[in-house]
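These notes concern the structure reproduced below.
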Amino acid sequence: MFQVASHPSSFAMHGHGHHQAMSMSSPSVQLPRTLARPPFAEVSREAIMAVAPELANVPAEYIRRGLRPKAHQMLAGISALSSSHLPTTMPKSHVPQIMSVPFRASSSSAQPTYPTHILAVASSKSSANEHVFMFPVHNIIIAAQCSALPRLPPSSPPSQGMLHIPVLPLALPSPAAFKVLHGYLYSHSLDSVLKSLFPLPSSFVHGLSHHTVQSTLASGSSLHQLSAYLCSSAGSSLQTLTTHAAHVKELWQDMVALGLHDPELWDTLDLAWEIILGALNLAASGHH
(Lines give C-alpha, C1' and ligand atoms only; values in the text may rest on other atoms or scores of the structure.)
Protein backbone atom coordinates (compact mmCIF):
# COMPACT_ATOMS: atom_id res chain seq x y z
CA MET A 1 0.00 0.00 0.00
CA PHE A 2 2.77 2.43 0.95
CA GLN A 3 6.23 2.12 -0.58
CA VAL A 4 9.06 4.31 0.66
CA ALA A 5 12.78 3.95 -0.04
CA SER A 6 14.53 1.36 2.08
CA HIS A 7 16.82 2.21 4.95
CA PRO A 8 20.07 0.73 6.31
CA SER A 9 19.01 -0.44 9.74
CA SER A 10 15.92 -1.06 11.83
CA PHE A 11 14.41 -0.26 15.18
CA ALA A 12 14.35 -3.10 17.68
CA MET A 13 10.65 -3.81 18.03
CA HIS A 14 10.80 -5.13 21.58
CA GLY A 15 14.13 -3.77 22.71
CA HIS A 16 15.96 -6.99 21.93
CA GLY A 17 15.90 -7.05 18.13
CA HIS A 18 19.14 -7.31 16.21
CA HIS A 19 20.38 -4.26 14.38
CA GLN A 20 21.84 -4.94 10.99
CA ALA A 21 25.60 -4.32 11.16
CA MET A 22 26.78 -1.64 8.78
CA SER A 23 30.05 -1.93 6.93
CA MET A 24 31.79 1.40 7.14
CA SER A 25 34.62 1.75 4.65
CA SER A 26 35.38 5.35 5.61
CA PRO A 27 34.38 7.85 8.30
CA SER A 28 32.08 9.64 5.86
CA VAL A 29 28.41 8.66 6.10
CA GLN A 30 26.11 9.63 3.23
CA LEU A 31 22.94 11.07 4.73
CA PRO A 32 20.65 13.84 3.43
CA ARG A 33 21.23 17.25 5.00
CA THR A 34 17.54 17.54 5.82
CA LEU A 35 14.56 15.19 5.89
CA ALA A 36 12.14 16.62 3.36
CA ARG A 37 8.78 17.71 4.73
CA PRO A 38 5.99 16.98 2.23
CA PRO A 39 3.53 19.73 1.30
CA PHE A 40 0.76 20.00 3.88
CA ALA A 41 -2.32 17.94 3.05
CA GLU A 42 -5.39 18.21 5.27
CA VAL A 43 -7.20 15.02 6.21
CA SER A 44 -10.17 14.01 4.10
CA ARG A 45 -13.55 15.39 5.14
CA GLU A 46 -15.08 12.15 3.84
CA ALA A 47 -12.81 10.10 6.11
CA ILE A 48 -13.99 12.07 9.16
CA MET A 49 -17.66 11.92 8.12
CA ALA A 50 -17.40 8.14 7.71
CA VAL A 51 -16.45 7.67 11.37
CA ALA A 52 -18.04 10.73 13.03
CA PRO A 53 -20.88 12.25 10.97
CA GLU A 54 -21.61 14.71 13.78
CA LEU A 55 -18.23 16.35 13.11
CA ALA A 56 -18.97 16.93 9.42
CA ASN A 57 -18.79 20.73 9.68
CA VAL A 58 -16.10 21.01 12.36
CA PRO A 59 -12.65 22.15 11.14
CA ALA A 60 -10.10 19.34 11.31
CA GLU A 61 -7.76 21.32 13.60
CA TYR A 62 -10.58 21.79 16.12
CA ILE A 63 -11.26 18.05 16.00
CA ARG A 64 -7.59 17.29 16.66
CA ARG A 65 -7.46 19.70 19.59
CA GLY A 66 -10.68 18.27 20.99
CA LEU A 67 -9.28 14.73 20.90
CA ARG A 68 -6.32 15.49 23.18
CA PRO A 69 -8.29 15.65 26.47
CA LYS A 70 -10.05 12.38 25.52
CA ALA A 71 -6.84 10.44 24.93
CA HIS A 72 -6.73 8.97 28.45
CA GLN A 73 -10.20 7.46 27.96
CA MET A 74 -9.11 5.97 24.64
CA LEU A 75 -5.88 4.57 26.09
CA ALA A 76 -7.91 3.12 28.98
CA GLY A 77 -10.09 1.41 26.37
CA ILE A 78 -7.02 -0.11 24.71
CA SER A 79 -5.64 -1.25 28.08
CA ALA A 80 -8.96 -2.93 28.91
CA LEU A 81 -8.62 -5.40 26.02
CA SER A 82 -7.67 -8.95 26.95
CA SER A 83 -4.04 -9.40 25.94
CA SER A 84 -4.52 -13.17 25.63
CA HIS A 85 -7.01 -12.54 22.80
CA LEU A 86 -5.02 -9.77 21.15
CA PRO A 87 -1.41 -10.76 20.46
CA THR A 88 1.05 -7.98 19.72
CA THR A 89 2.28 -9.90 16.69
CA MET A 90 1.18 -12.81 14.48
CA PRO A 91 2.16 -14.38 11.15
CA LYS A 92 0.86 -12.33 8.25
CA SER A 93 -0.87 -15.40 6.83
CA HIS A 94 -2.92 -15.83 10.05
CA VAL A 95 -4.40 -12.33 10.26
CA PRO A 96 -8.23 -12.54 10.41
CA GLN A 97 -10.65 -9.96 9.03
CA ILE A 98 -12.29 -9.49 12.43
CA MET A 99 -10.97 -10.22 15.92
CA SER A 100 -13.32 -10.92 18.83
CA VAL A 101 -11.68 -9.58 21.98
CA PRO A 102 -13.17 -9.55 25.48
CA PHE A 103 -12.60 -6.46 27.59
CA ARG A 104 -12.32 -5.97 31.33
CA ALA A 105 -14.64 -3.69 33.27
CA SER A 106 -12.92 -0.44 34.09
CA SER A 107 -11.85 0.27 37.66
CA SER A 108 -11.15 3.87 36.72
CA SER A 109 -13.58 6.74 37.17
CA ALA A 110 -13.13 7.67 33.51
CA GLN A 111 -15.37 5.70 31.18
CA PRO A 112 -13.04 3.97 28.70
CA THR A 113 -13.55 4.50 24.97
CA TYR A 114 -12.86 1.20 23.25
CA PRO A 115 -10.87 0.92 20.03
CA THR A 116 -12.78 0.56 16.78
CA HIS A 117 -10.15 -1.10 14.56
CA ILE A 118 -6.90 -3.04 14.69
CA LEU A 119 -4.09 -2.14 12.31
CA ALA A 120 -2.05 -5.19 11.26
CA VAL A 121 1.18 -3.40 10.36
CA ALA A 122 3.69 -5.17 8.14
CA SER A 123 6.93 -3.97 6.65
CA SER A 124 6.49 -2.73 3.09
CA LYS A 125 9.72 -4.60 2.33
CA SER A 126 8.84 -7.93 3.94
CA SER A 127 8.05 -11.28 2.37
CA ALA A 128 4.64 -12.93 2.58
CA ASN A 129 5.54 -15.21 5.52
CA GLU A 130 6.68 -12.46 7.88
CA HIS A 131 4.91 -11.34 11.03
CA VAL A 132 2.70 -8.30 11.40
CA PHE A 133 2.33 -6.13 14.49
CA MET A 134 -1.14 -5.51 15.88
CA PHE A 135 -2.15 -2.02 17.00
CA PRO A 136 -5.64 -1.26 18.38
CA VAL A 137 -6.75 2.20 17.23
CA HIS A 138 -9.73 4.54 17.38
CA ASN A 139 -11.15 5.50 14.01
CA ILE A 140 -11.35 9.24 14.73
CA ILE A 141 -7.68 9.33 15.86
CA ILE A 142 -6.63 7.94 12.46
CA ALA A 143 -9.16 9.87 10.37
CA ALA A 144 -8.29 13.23 11.96
CA GLN A 145 -4.50 12.88 11.76
CA CYS A 146 -3.37 10.54 8.95
CA SER A 147 -4.21 12.17 5.61
CA ALA A 148 -2.70 9.40 3.45
CA LEU A 149 -4.76 6.52 4.86
CA PRO A 150 -7.98 5.45 3.20
CA ARG A 151 -11.39 5.82 4.80
CA LEU A 152 -11.90 3.28 7.58
CA PRO A 153 -14.71 0.72 7.25
CA PRO A 154 -17.59 0.65 9.78
CA SER A 155 -17.07 -0.97 13.17
CA SER A 156 -19.44 -2.46 15.75
CA PRO A 157 -20.11 -1.17 19.27
CA PRO A 158 -19.17 -3.42 22.22
CA SER A 159 -21.72 -6.03 23.23
CA GLN A 160 -21.83 -8.29 26.31
CA GLY A 161 -18.23 -7.73 27.31
CA MET A 162 -16.93 -8.44 23.81
CA LEU A 163 -15.59 -6.33 20.97
CA HIS A 164 -15.68 -7.52 17.37
CA ILE A 165 -12.96 -5.40 15.81
CA PRO A 166 -12.20 -5.15 12.07
CA VAL A 167 -8.53 -5.82 11.25
CA LEU A 168 -6.97 -3.66 8.55
CA PRO A 169 -3.67 -4.62 6.88
CA LEU A 170 -1.24 -1.71 6.60
CA ALA A 171 2.20 -1.81 4.99
CA LEU A 172 4.69 0.77 6.30
CA PRO A 173 8.46 1.17 5.93
CA SER A 174 8.95 0.45 9.66
CA PRO A 175 6.38 -1.26 11.91
CA ALA A 176 8.64 -0.46 14.88
CA ALA A 177 8.66 3.25 14.07
CA PHE A 178 4.86 3.07 13.91
CA LYS A 179 4.89 1.89 17.53
CA VAL A 180 6.35 5.31 18.41
CA LEU A 181 3.85 7.15 16.20
CA HIS A 182 0.91 5.14 17.55
CA GLY A 183 1.77 6.40 21.03
CA TYR A 184 2.20 9.95 19.76
CA LEU A 185 -1.18 10.02 17.99
CA TYR A 186 -2.77 9.68 21.45
CA SER A 187 -0.33 11.33 23.87
CA HIS A 188 1.28 14.03 21.69
CA SER A 189 4.31 13.60 23.94
CA LEU A 190 7.36 15.04 22.20
CA ASP A 191 9.71 13.71 24.88
CA SER A 192 8.51 10.14 24.28
CA VAL A 193 9.35 10.50 20.60
CA LEU A 194 12.88 11.76 21.26
CA LYS A 195 13.52 9.14 23.98
CA SER A 196 12.63 6.40 21.49
CA LEU A 197 15.34 7.55 19.08
CA PHE A 198 18.56 7.99 21.08
CA PRO A 199 19.90 9.06 24.51
CA LEU A 200 19.64 12.72 25.51
CA PRO A 201 19.98 14.47 28.88
CA SER A 202 16.87 13.84 30.97
CA SER A 203 16.92 17.50 32.05
CA PHE A 204 16.38 18.46 28.39
CA VAL A 205 13.90 15.77 27.36
CA HIS A 206 11.62 15.74 30.42
CA GLY A 207 8.35 17.51 29.63
CA LEU A 208 9.74 18.75 26.33
CA SER A 209 7.58 21.51 24.81
CA HIS A 210 7.23 22.58 21.21
CA HIS A 211 8.61 25.99 22.18
CA THR A 212 11.79 24.36 23.53
CA VAL A 213 12.13 22.31 20.35
CA GLN A 214 11.89 25.47 18.23
CA SER A 215 14.28 27.52 20.38
CA THR A 216 16.82 24.67 20.41
CA LEU A 217 16.67 24.39 16.62
CA ALA A 218 17.51 28.11 16.47
CA SER A 219 20.47 27.81 18.87
CA GLY A 220 23.75 26.56 17.42
CA SER A 221 25.32 26.22 20.87
CA SER A 222 22.41 24.15 22.23
CA LEU A 223 22.51 21.87 19.19
CA HIS A 224 26.28 21.43 19.61
CA GLN A 225 25.88 20.51 23.31
CA LEU A 226 23.22 17.90 22.52
CA SER A 227 25.27 16.49 19.62
CA ALA A 228 28.33 16.26 21.88
CA TYR A 229 26.28 14.46 24.54
CA LEU A 230 25.00 11.95 21.98
CA CYS A 231 28.46 11.43 20.48
CA SER A 232 29.90 10.79 23.94
CA SER A 233 27.06 8.41 24.92
CA ALA A 234 27.80 6.40 21.76
CA GLY A 235 31.50 6.25 22.55
CA SER A 236 32.10 8.15 19.29
CA SER A 237 31.10 4.98 17.42
CA LEU A 238 30.06 5.78 13.86
CA GLN A 239 28.20 2.49 13.66
CA THR A 240 26.12 3.26 16.77
CA LEU A 241 25.40 6.80 15.59
CA THR A 242 24.47 5.60 12.10
CA THR A 243 21.99 3.18 13.67
CA HIS A 244 20.48 6.11 15.58
CA ALA A 245 20.28 8.04 12.29
CA ALA A 246 18.49 5.09 10.69
CA HIS A 247 15.87 5.19 13.48
CA VAL A 248 15.17 8.87 12.77
CA LYS A 249 14.96 8.15 9.05
CA GLU A 250 12.50 5.29 9.64
CA LEU A 251 10.28 7.56 11.70
CA TRP A 252 10.37 10.11 8.88
CA GLN A 253 9.46 7.47 6.28
CA ASP A 254 6.44 6.32 8.30
CA MET A 255 5.30 9.93 8.87
CA VAL A 256 5.39 10.56 5.12
CA ALA A 257 3.59 7.28 4.35
CA LEU A 258 0.82 8.02 6.88
CA GLY A 259 0.36 11.62 5.80
CA LEU A 260 1.12 12.89 9.30
CA HIS A 261 1.48 16.66 9.07
CA ASP A 262 1.64 17.55 12.78
CA PRO A 263 4.03 20.57 12.94
CA GLU A 264 5.15 19.80 16.51
CA LEU A 265 6.14 16.28 15.48
CA TRP A 266 7.92 17.48 12.33
CA ASP A 267 9.90 20.09 14.26
CA THR A 268 10.92 17.39 16.76
CA LEU A 269 12.02 15.16 13.87
CA ASP A 270 14.08 18.06 12.48
CA LEU A 271 15.68 18.53 15.91
CA ALA A 272 16.57 14.83 16.15
CA TRP A 273 18.12 14.95 12.68
CA GLU A 274 20.21 18.04 13.49
CA ILE A 275 21.48 16.41 16.69
CA ILE A 276 22.41 13.12 15.03
CA LEU A 277 24.13 14.80 12.07
CA GLY A 278 26.11 16.95 14.50
CA ALA A 279 27.10 13.89 16.53
CA LEU A 280 28.20 12.03 13.39
CA ASN A 281 30.33 15.00 12.32
CA LEU A 282 31.95 15.17 15.76
CA ALA A 283 32.66 11.43 15.75
CA ALA A 284 34.04 11.48 12.20
CA SER A 285 36.34 14.42 12.97
CA GLY A 286 37.45 13.02 16.33
CA HIS A 287 36.34 16.14 18.23
CA HIS A 288 33.53 16.18 20.77
Answer whether the closest heavy-atom distance between the side chains of [X] and [Y] falls below 4.5 Å.
{"X": "Thr113", "Y": "His138", "result": "yes"}
{"X": "His247", "Y": "Leu251", "result": "no"}
{"X": "Trp273", "Y": "Pro32", "result": "yes"}
{"X": "Gln145", "Y": "Arg64", "result": "yes"}
{"X": "His261", "Y": "Ser147", "result": "yes"}
{"X": "Leu230", "Y": "Pro199", "result": "yes"}
{"X": "Met99", "Y": "Pro87", "result": "yes"}
{"X": "Ser174", "Y": "Gln253", "result": "no"}

Any side-chain to backbone donor/acceptor pair from [X] onto [Y]? Under 3.5 Å, distance only.
{"X": "Lys125", "Y": "Pro173", "answer": "yes"}
{"X": "Thr212", "Y": "Leu208", "answer": "no"}
{"X": "Ser285", "Y": "Asn281", "answer": "yes"}

Are [Y] and [X] connected into the same hydrophobic cluster when the rule is that any two of I, L, V, M, F, W, Y join if their side-chain heavy atoms are below 4.5 Å apart?
{"X": "Leu194", "Y": "Trp266", "answer": "yes"}
{"X": "Val58", "Y": "Val51", "answer": "yes"}
{"X": "Leu185", "Y": "Tyr62", "answer": "yes"}

- Query: In terms of the angle between their ring planes, are Phe103 and Tyr114 parallel, tilted or perpendicular, with boundaries placed at 30° and 60°?
  - Reply: tilted

- Query: When the ring centroid of His72 is compared with that of Tyr186, is the distance short of 6.0 Å?
  - Reply: no

- Query: Below 6.0 angstrom between ring centroids: does that apply to Phe135 and Phe178?
  - Reply: yes

- Note on the structure: Here the pair of heavy atoms bringing Ala283 nearest to Leu241 is CB-CD1, 3.6 Å

Looking at [X], I'd like to know if its [atom1] atom is crowded, meaning that more than 12 non-hydrogen atoms belonging to other residues, nucleotides or ligands lie closer than 6.0 Å.
{"X": "Lys70", "atom1": "NZ", "answer": "no"}
{"X": "Met49", "atom1": "CE", "answer": "no"}
{"X": "Gln97", "atom1": "CD", "answer": "no"}

Pairs of donor and acceptor atoms involving the side chains of residues 150-170, under 3.5 Å and at least two apart or interchain, shall be tabulated with distances.
from, atom 1, to, atom 2, distance (Å)
His164, ND1, Ser100, OG, 2.7

- Would you call Asp254 and Lys179 a salt bridge, using N to O less than 4.0 angstrom? no

- Is any NZ, NE, NH1 or NH2 atom of the basic residue among Arg33 and Glu274 found under 4.0 Å from an Asp or Glu carboxylate oxygen of the other? yes

- Message: Applying side-chain contact (heavy atoms from CB on, under 4.5 Å), can you list everything that pairs with Glu264, at least two apart in sequence or on another chain?
- Response: Arg65, Arg68, Tyr184, Leu190, His210, Asp262

- Message: Suppose we screen for side-chain contact (heavy atoms from CB on, under 4.5 Å). Which residues come up paired with Ala218, at least two apart in sequence or across chains?
- Response: none

